[in-house]
Asker: 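Pasting a structure below so you can have a look.
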Amino acid sequence: MIKATALAILITGLSAVVFAKDTIIKGDIEYGKHLAAECVTCHSALGKNKGIPPVTGWNIDTFISVINAYRSKELKNPAMRLIAGRLDEEQIASLALYFASQPKSE
Amino acid sequence: MRNLNRRQFTTILGSTVAAGALAMPNITGAASHGAKPKVVVIGGGAGGATAARYIAKDSNGAIEVTLIEPTKRYYTCFFSNLYLGGFRDYESIGHSYDNLANNHGINVVHDWAASVDNANKKVILASGAAISYDKLVISPGIDMKYDSVPGYSVEAQTKMPHGWKSGTQVQVIKHNIVNMREGGTFVMVPPPNPFRCPPGPYERTSMIAHYLTQHNPTAKVIVLDTKPKFSKQGLFMDGWQRHYPDMVEWISPEVHGGIKNVNPDTMEIETDLDTFKADAACVIPAQKAGAIAMQAGVADGDWAPVMPATMASKADPNIYVLGDASVAKSMPKSGFSANSQAKVAANAIRGELTGSRVFDARFANTCWSLISANDGIKVGASYKAGSEKIDVVDKFISKNGEDAATRKATYEESEGWYAGMTADMFS
């Protein structure tokens, strides 16, 4: 089952805090931008959808839920399990913040 | 206007504030004497184009980036096999450097880098001009070791093209396949390890067999390998058995005894087992780093050793070596690997030159291969910088017996990757 975890975000300078259901996870949009470089080798940075689904402009909750579903192996794609499997909570929150800030499609 | 609840408002505010802060360049370090720090990138392929683009894009104009690349239009090695198989037209794998200049202000110089003056930090071009750098990225790809195959030479490429740098060589292979006599024999000689794109020769075998099945169904494809094992072997063998049972024959060197000679005039390939007469052939010799890596003194033998955390050369801290030319063990020599390494180097170089934040190196690679229409397979791994080499974190590989929908999705995923990857290099 996929459930939303992030409830709110506050900004302190460059970093943001994502209040998850039970814990507080820090996200850092600049770190997210750096980490996202790994994602856009495959996922279109402009949000195009061709063979690989776009990830730009996603809702933060959805992004975190989907990544966690790959981490828990609820979702199947082995490449995504591999990439998601090595992300910690701060990295996931940072990526969620960054991709949420990107336009959905060109 | 719709009402925003507090959560939506803070989300949007957060994005805007942070994006605004990101746009401000942070210049410290090397720009002390007023001039902008300079990065020169040699080679406009998966490593070099990506490095140039990320350094220019993420430094927001704080670093002057020059890209030296002799060709004005770059034809990717990856997906050149799909062109051979008839899944792509040739122009669809060609890319221009216009966007790197237009969108990122990169100074694209179409010339050869002839040598590197390490002491004075200059690259000397074939035209005679010199370009100064604070940091130099060398991503020249491969050169061929012609004498690794007895009888092979630059001249032999006309009749037995390697096609391992994409471009016109691949067009010659296509021409030779299209014009092969009915029931003719195509011979493929894959290279010994280590070489560019480990699954590549076997995807090429698959794509040639795919084309011949449709246009010349009594033809044969014989693979005279120089290695007893190869990448995704079980997956390719299973695929050949399913799609091309009477066409493709792979022969291990343990059976044929090794390539003793190739003769481009008679199109004969001699082994201990037999002399094979080819109607068309692809002979891929052993490989080494592009010549400029030797010129720059960063190679140790055939390849250039690097520091795993930054991709900086072990021989010269102002030079970074990316992609096929580097010793990036445990990563394979692939376009995906080069692109991944380029981002690690770009982050490290920006940090050194402008004081921007440097994050821990993380690498990834996935190699997709197409066996037949909608029958795609893949192998991949994630990596981190170890003290001596780039270490595997986790890995995966497709499995025999996967359903057709999975194989089709894997192929479609590869098309998505091609679009994403080439945009990541050239947009």
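Reminder, nothing fancy here: chain letters follow the sequence lines and each chain counts from 1.
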Asker: Is the closest side-chain heavy-atom distance between B:R88 and B:E415 below 4.5 Å?
Answerer: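 Result yes, sub-4.5 Å side-chain heavy-atom pair found.
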Asker: So which part of B:Y418 gets closer than 4.5 Å to some heavy atom of chain A, the side chain, the backbone, both or neither?
Answerer: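 The answer is neither part of B:Y418.
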Asker: Using a cut-off of 6.0 Å, state whether more than 12 heavy atoms not belonging to B:K384 lie near its atom NZ.
Answerer: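 Not buried by this count: 12 neighbours or fewer within 6.0 Å.
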Asker: In terms of heavy-atom proximity below 4.5 Å to chain B, should A:A45 be classed as side chain, backbone, both, or neither?
Answerer: neither
Asker: Looking at B:K408 and B:E402, is there a salt bridge between them, counting it only when a charged N and a carboxylate O are closer than 4.0 Å?
Answerer: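 Looking at B:E402 and B:K408, the cut-off is not met.
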Asker: Can you say whether the rings of B:F359 and A:Y31 are parallel (under 30°), tilted (30 to 60°) or perpendicular (over 60°)?
Answerer: parallel
Asker: Do we see a donor-acceptor contact under 3.5 Å between the side chains of B:N339 and A:T41?
Answerer: yes
Asker: Counting only non-hydrogen atoms closer than 4.5 Å, does B:N347 touch chain A with its backbone (N, CA, C, O), its side chain (CB onward), both, or neither?
Answerer: side chain
Asker: Which one, B:A381, B:G380, B:S398, leads in non-hydrogen pairs under 4.5 Å with chain A?
Answerer: B:A381
Asker: Do other residues, nucleotides or ligands put more than 12 heavy atoms under 6.0 Å from the CG atom of B:D360?
Answerer: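 Not more than 12 within 6.0 Å, no.
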Asker: Please flag which part of B:Y411 lies under 4.5 Å from any non-hydrogen atom of chain A: side chain, backbone, both or neither.
Answerer: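 No part of it gets close to chain A.
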Asker: If the plane angle is over 60° it's perpendicular, under 30° parallel, otherwise tilted; pick one for B:Y97 and B:F426.
Answerer: perpendicular
Asker: Counting only heavy atoms closer than 4.5 Å, note whether B:S382 contacts chain A via side chain, backbone, both or neither.
Answerer: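 Its backbone and side chain both get close to chain A.
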Asker: Heavy-atom distances under 4.5 Å only: say whether A:N49 touches chain B with side chain, backbone, both or neither.
Answerer: neither
Asker: Which bit of B:A423 is near chain A, if near means a heavy-atom gap under 4.5 Å: side chain, backbone, both or neither?
Answerer: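 Contact with chain A involves no heavy atom of B:A423 at all.
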Asker: Between A:P53, A:A79, A:S44, which shows the greatest number of heavy-atom pairs under 4.5 Å with chain B?
Answerer: A:A79
Asker: Given a strict heavy-atom distance threshold of 4.5 Å, which part of B:A346 is in contact with chain A: side chain, backbone, both, or neither?
Answerer: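 For B:A346, no heavy atom lies under 4.5 Å from chain A.
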